[in-house]
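This chain uses plain numbering: 1 for the first residue, then up along the sequence.
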Amino acid sequence: MLKKLMNSIVAVFDFITKYFKTFVFLCIVAWIFFGTSEPKQTPNLARIYLKGMIIDSTPLRAQIEELKKYPSIKGVLLIIDSPGGSVGASVEMADLIQELSTKIPVVAHTESVMASGSYYVGAYANKVFANRGALVGSIGVIFSGFNVEELFKKIGYKPNVVVAGEYKEIGAYYREWTPKERAYLENLIKEEYQSFVADVAKARSLKTSDEESFAQGKVFNAPKAKALGLIDEVGSRNSAISALKELSGVEQEIWLEKSPLQSYLDTMLESSVNTILGAIFGMGLR
């Protein structure tokens, strides 16, 4: 059983090494040479997307940089479908949306999940919409690890580690954490959580003293999220677009569109990344 598991893990990494990097490289080359095209009409609105696990801020940053090429754009629809992810990347993207929303109106909309790090990002939009079936919130921070000490004993593996610094080994997976290490991590996560709550409270004009009701890692349906002030409206994508047109002063929307090839490459790349992450870490939308 253990041998089969190890073979599966090795096979996944072998695939990444041999094929996935090549695939990403070819996608980039194809996008550079064929994936860009000038819009047929002058666009006045644009869509940007935050989908899947948040790993780094590069995809969102690239979309915002693309918008800067079109000074005619008067508003942005931020479409979110994400359970969150990395703290640092979420903060970086939240700052990007905050900056963008001071220049042109940004309306966020989710039809599925806007939770944890992705809520952090969406909270800085000028208005936030969620359809009535969406899940919103999960304002909290988690740090997880695993202890494979017993497994290592069974297979006869013993790591040799040399460290300098009392906490350099913190979070080690090959032994039980000490009480002192656990206390340090708990304090660190608490500080990150308090920062998260403070930022959301400021962005949404909430009181940090009410964090027991709107935070604490709780997930809410759209009506409850609206009642708590986490979103502005329970509504469809069309409702969000109508609000964006009103905020931006656009009467007849002309969307900035991706070329067909670029859309296809984005879809293929996203699918490949999620497949590999799922195979390695068991990650997925949930």
Check your understanding: With the threshold set at 4.0 Å, does a side-chain nitrogen-carboxylate oxygen contact exist between K103 and E99?
Key -> yes

Review point. Do the side chain of Y193 and the main chain of Q216 share a donor and acceptor less than 3.5 angstrom apart?
Key: yes

Review point. Backbone N or O of V128 within a donor-acceptor pair of the D232 side chain at under 3.5 Å?
Key: yes

Check your understanding: Is it true that K245 and E251 make a salt bridge, defined as a side-chain N closer than 4.0 Å to a carboxylate O?
Key -> no

Review point. Are there more than 12 heavy atoms of other residues, nucleotides or ligands under 6.0 Å from atom CD of E149?
Key: yes

Exercise for review: Examine the side chains of Y184 and E166 and answer whether a donor and an acceptor come within less than 3.5 Å of each other.
Suggested key: no

Review point. Does any N or O in the side chain of N221 come within less than 3.5 Å of the main-chain N or O of K224, such that one atom is a donor and the other an acceptor?
Key: yes

Exercise for review: Would you please classify the geometry between the F152 ring and the Y157 ring as parallel, tilted or perpendicular, with 30° and 60° separating the classes?
Suggested key: perpendicular

Check your understanding: Quick check: does any side chain N or O of N126 sit under 3.5 Å from a backbone N or O of V107, one acting as donor and the other as acceptor?
Key -> no

**Study point:** Backbone of G52 reached by a side-chain donor or acceptor of S82 within 3.5 Å
**Key:** yes

Practice item. Would you confirm whether E192, through its side chain, and V141, through its main-chain N or O, come within 3.5 Å as a donor-acceptor pair? Key: no

Check your understanding: Taking NZ, NE, NH1 and NH2 as the nitrogens, is one of them in R204 or D199 under 4.0 Å from a carboxylate oxygen of the other?
Key -> no

